[in-house]
Colleague: 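Have a look at the structure that comes next, please.
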Amino acid sequence: MSKKVRVRFAPSPTGGLHLGGVRTVLYNYLFARKHGGDFLVRIEDTDQSRYVQGAEEYIFDTLKWCGLEPDESVQHGGDYGPYRQSERKASYRQYAEQLVKNGQAYYAFDTPEDLEKMRQDFKSEQNPSPQYDHTIRMKMRNSLTLSADETQKLLAEGTRHVIRIKMPENETVSFTDMIRGEVSFETSLVDDKVLLKADGMPTYHLAVVADDHAMKISHAFRGEEWLPSAPVHILLWKYLFGLDEMPQWAHFPLILGPTGKLSKRDGAKYGFPVFAMNWTDPKTNELTEGFKEKGFLPEAFINLLALLGWNDGGEQEIFTKEELIEKFSMDRVHSAGAKFDYEKAKWFNHEWVKKSGAGSLKSGVKTLLEENGIAISNDDLLEKVIGLVKDRCTLLPDFIQQSSFFFKAPETIDVDAVKPKWNEAKQLFFAELIRNYELAIEWNAHTLENNLKEIAATNNLKPGELMLPFRIMLVGGKFGPGVFEIAELLGKEETIRRISSAIKMFG
RNA sequence: GGCCCGUUCGUCUAAGGGUUAGGACACCACCCUUUCACGGUGGUGAUACGAGUUCGAAUCUCGUACGGGCUACCA
C-alpha cells in the first residue's frame with residue numbers, strides 16, 4: 001500500500017505559465033516534499049502544431065524563480081526518462097494496438113472532412129455538438145464498420161488513421177478524488193476519444209496514462225478542467241495496467257478571473273499579471289507581463305498562490321515555503337474555484353517585503369535602481385536605505401521612488417508646495433541651520449532634530465512650518481521616511497548641499 | 001443542449017449538527033505620525049432559494065436557481 005510518493009507536473013510548452021499552472025506545481029511540490037516523495041516535470045509536447053519555441057525553457061526558469069525545482073525532468077535528469085513525450089513515441093502505439101487487439105479500441109479512418117460532415121449532419125437543437133460516440137460510431141468509417149480484410153488493406157496501404165477508445169455502454173465508471181470524494185460517470189455519455197493521432201503521436205489521454213505508469217506516479221494532480229475526461233483515463237488504466245496500479249487523483253479547483261477561468265486576456269484587461277514571469281510570444285512578439293517583473297517576491301508569490309484554494313484551518317496567512325510543506329494537506333484543498341484578487345496579492349507581497357531583511361532585498365533593489373539610472377557605489381548605505389523605506393514599499397519598483405533620492409539629488413523639487421509660505425524668516429533660519437550643521441560633530445537623526453528645534457525656538461519659528469520645506473529640500477517631494485533619518489543617511493556634506501541649493505529656488 | 005463540478009461578507013476563507021457565523025484583503029471612521037506609509041482601535045458587510053431529516057442545520061438529504069468547466073486527430 002505504501003507506494004513511494006511520486007508526483008508530476010506535466011505542462012505543454014505552448015506559452016507562459018500562468019497562476020493556475022504555478023499553483024498546480026506548488027501543490028504537487030508541497031505534497032511531494034511533505035511525504036518525502038519525488039516531484040518531476042514531464043513535458044507534454046505531443047502536439048507539434050502547438051509547439052512554441054522557448055516555452056519549455058521558460059517553464060524551468062519559472063520553477064527556478066519560484067524555488068520549486070523538480071527532482072527529475074529534462075533538465076534535472078532522473079531514472080524514468082525521457083521526460084519529453086515526443087521522445088517516448090514508440091511505446092504509445094504499442095499500447096493503442098494492444099487495446100485494439102482486445103476490442104477496447106478501434107481504428108478510425110474518417111478524414112477531418114468526414115468528421116465535420118458528421119457534426120453537421122447530426123447537429124440539432126437538442127444536440128448542438130454531436131460526439132463520436134456509441135450512437136455514431138457504427139455510421140463512420142472504422143474497423144468496427146469495415147470488414148477485417150478492408151481494415152487490413154487500408155492499414156497496409158498506409159491510410160491515415162487514428163485509434164479511438166471504444167467506450168463501453170451502460171457502465172458506471174467511478175473513482176475517489178482526493179478533494180471531491182466519489183465522482184462517477186455513465187460511460188454511454190462519454191465519447192470515443194482519439195488515443196493515437198494520425199501522425200502517430202498519442203493524445204493527452206493515452207500519454208498521461210502510459211507515462212504516469214512508466215514513471216511510477218503515485219498521485220496524479222491536475223486542474224479541474226480535466227475532470228470530464230477522467231473516465232477515459234480510468235478505463236485506460238483498467239485496460240492497460242489494472243486499477244490497483246492507478247495513481248490517486250485530485251482535481252484542483254480553477255483560479256477564476258473576473259468573468260470565468262483566469263486567462264491571459266483578463267490580465268491585460270484588468271491590469272494585473274497573469275503569468276509568473278514576462279513572456280514574449282515568439283510569433284507575435286506580444287509581451288505578457290509577469291509577477292516577477294511586476295515586482296513580486298517569489299516567497300510572496302508562492303504564499304499567495306498556496307492560499308488560493310487551500311488554508312490550514314487557522315488564521316495564519318503568511319507562510320514560508322517550509323511552513324507550507326509542513327502544513328499542506330490535500331484534504332484541505334477546496335473544491336470550489338477561487339477568484340483571483342490582485343489587491344490581496346499585493347498585500348501578500350507587502351507583507352513579505354516588510355518581513356524580508358534588507359540584505360535579502362538588496363540585490364533586487366540594486367538592479368532595479370541601476371536600471372533606472374541610479375548608480376550604487378555604497379552597498380552598506382543601500383542596505384540602510386532599504387531598511388528605512390521598505391515598510392512603505394508594496395512592490396519592488398516602489399523602491400525606486402522611495403530610495404533614489406538617497407543616491408542622487410532629486411531632479412525636480414516641488415517648489416510650489418513651499419513657495420507660497422516661504423518668507424525672509426525661513427530663509428534666515430535655513431541659512432543658520434546650514435552653519436549649525438556644518439559645525440556638527442555628531443551626525444545622527446537625533447542631534448539633527450534637536451539642533452533644528454533649538455534654532456527654531458531662538459528664531460520664534462514653529463518646527464511644524466519648517467519640516468515640510470526641509471523635507472522637500474532633501475527629497476524633492478512630500479514622501480519618504482523621517483526627515484532626520486534621511487539627513488543622517490545623506491551625510492553632512494550632501495544635506496548641506498541640498499539645503500543651500502534649494503534655498504535659492506525658494507527665494 | 002448534454003455531462004461533470006461547485007455555491008458562507010464585494011474578494012480569499014474559518015466554523016466537519018448547538019458560536020452574538022470568526023479572520024484577512026478592500027472600503028469607512030478614529031488614534032499614532034510636523035510628509036507618505038507602517039501600526040493600533042472600531043465599523044459596514046455573508047450562510048443562494050425551497051423542502052426534508054433532527055430537540056437543534058451554514059453544516060446531512062433532495063429539488064430549484066445561479067456560477068464554472070468539458071463537449072478537437074489541444075493540453
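Residue numbers start from 1 in every chain, and the chains themselves are labelled A, B, ... in the order their sequence lines are given, proteins ahead of strands.
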Colleague: When you get a sec, tell me which of B:A75, B:U13, B:U35 is the closest nucleotide to the side chain of A:L468?
Modeller: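 Looking only at heavy atoms from C-beta outward on A:L468, the closest nucleotide is B:U35.
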
Colleague: Could you verify whether a donor N or O on one side chain and an acceptor N or O on the other, from A:T111 and A:D114, lie under 3.5 Å apart?
Modeller: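 Note: A:T111 and A:D114 side chains meet the donor-acceptor criterion.
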
Colleague: Between A:D47 and A:R50, does any NZ, NE, NH1 or NH2 come within less than 4.0 Å of an OD or OE carboxylate oxygen?
Modeller: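 Yes, this pair counts.
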
Colleague: Determine which nucleotide pairs with B:C3, using a 3.5 Å limit on both distances of a Watson-Crick or G-U wobble pair.
Modeller: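 B:C3 is paired, partner B:G69.
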
Colleague: Between B:G2, B:G1, B:G69, which one does the side chain of A:L189 approach most closely?
Modeller: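 Selected nucleotide (nearest to the side chain): B:G2.
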
Colleague: May I ask you to verify whether the side chain of A:R50 and the base of B:C74 hold a donor-acceptor pair under 3.5 Å?
Modeller: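 Flag set: donor-acceptor pair detected.
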
Colleague: Within the structure shown, what part of the strands sits under 4.0 Å from A:H251 by heavy-atom distance: base, sugar-phosphate, or nothing?
Modeller: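 Since no nucleic acid heavy atom lies under 4.0 Å of A:H251, the category is nothing.
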
Colleague: State the syn/anti category of B:C38 according to its glycosidic angle, syn meaning within 90° of 0.
Modeller: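 Syn for B:C38; the angle stays within 90° of 0.
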
Colleague: Using a distance-only criterion (donor-acceptor N/O pair, under 3.5 Å, no hydrogens), is the base of B:A24 paired with the side chain of A:K344?
Modeller: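 When only heavy-atom distances are counted, A:K344 does reach the base of B:A24 through a donor-acceptor pair under 3.5 Å.
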
Colleague: Tell me which pairs pass ring-ring contact (aromatic ring centres under 6.0 Å, His included) where either residue lies in residues 384-406 of chain A, with sequence neighbours left out.
Modeller: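 Only A:F405-A:F479 qualify under ring-ring contact (aromatic ring centres under 6.0 Å, His included).
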
Colleague: Counting only side-chain heavy atoms from C-beta out, which of B:G69, B:U35, B:G23 sits nearest to A:E315?
Modeller: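 Between B:G69, B:U35, B:G23, the one nearest the side chain of A:E315 would be B:G23.
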
Colleague: OP1 or OP2 of B:G16 sitting under 4.0 Å from any side-chain N/O of A:R332?
Modeller: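 Indeed not, no polar side-chain atom of A:R332 lies that close.
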
Colleague: Given B:C5, B:G69, B:U35, which nucleotide is nearest the side-chain atoms of A:E224?
Modeller: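 Among the listed nucleotides, the one closest to the side chain of A:E224 is B:C5.
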
Colleague: Looking only at side chains, do A:E97 and A:Y107 share a donor and an acceptor under 3.5 Å apart?
Modeller: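 A pair is found: one side chain offers a donor N or O, the other an acceptor, under 3.5 Å apart.
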
Colleague: Compute the ring centroids of A:W310 and A:F319, then answer whether they are less than 6.0 Å apart.
Modeller: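 So the answer is yes for these two rings.
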
Colleague: Polar atoms only, N or O, under 3.5 Å: list the protein pairs with nucleotides 38-44 of chain B and their distances.
Modeller:
unit_1, atom_1, unit_2, atom_2, d
B:C38, O3', A:K354, NZ, 3.0
B:G39, OP1, A:K354, NZ, 2.8

Colleague: Is B:U64 paired to anything, Watson-Crick or G-U wobble with both distances less than 3.5 Å, and if yes, which nucleotide?
Modeller: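 Its partner is B:A48.
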
Colleague: Considering Watson-Crick and G-U wobble pairs with both distances under 3.5 Å, what does B:C36 pair with?
Modeller: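 Partner of B:C36: none.
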
Colleague: On RNA chain B, does the nearest nucleotide to A:P112 precede the nearest nucleotide to A:E343 from the 5' side, or the other way round? Give the residue.
Modeller: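 Looking at RNA chain B, the more 5' nearest nucleotide goes with A:E343.
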
Colleague: Base, sugar-phosphate or nothing for A:G480? Non-hydrogen atoms, less than 4.0 Å.
Modeller: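 Since a base atom lies under 4.0 Å of A:G480, the category is base.
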
Colleague: Please determine, for the side chain of A:F185, which listed nucleotide (B:C4, B:C12, B:C73) has the closest atom?
Modeller: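 Out of B:C4, B:C12, B:C73, the nucleotide with an atom closest to A:F185's side chain is B:C4.
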
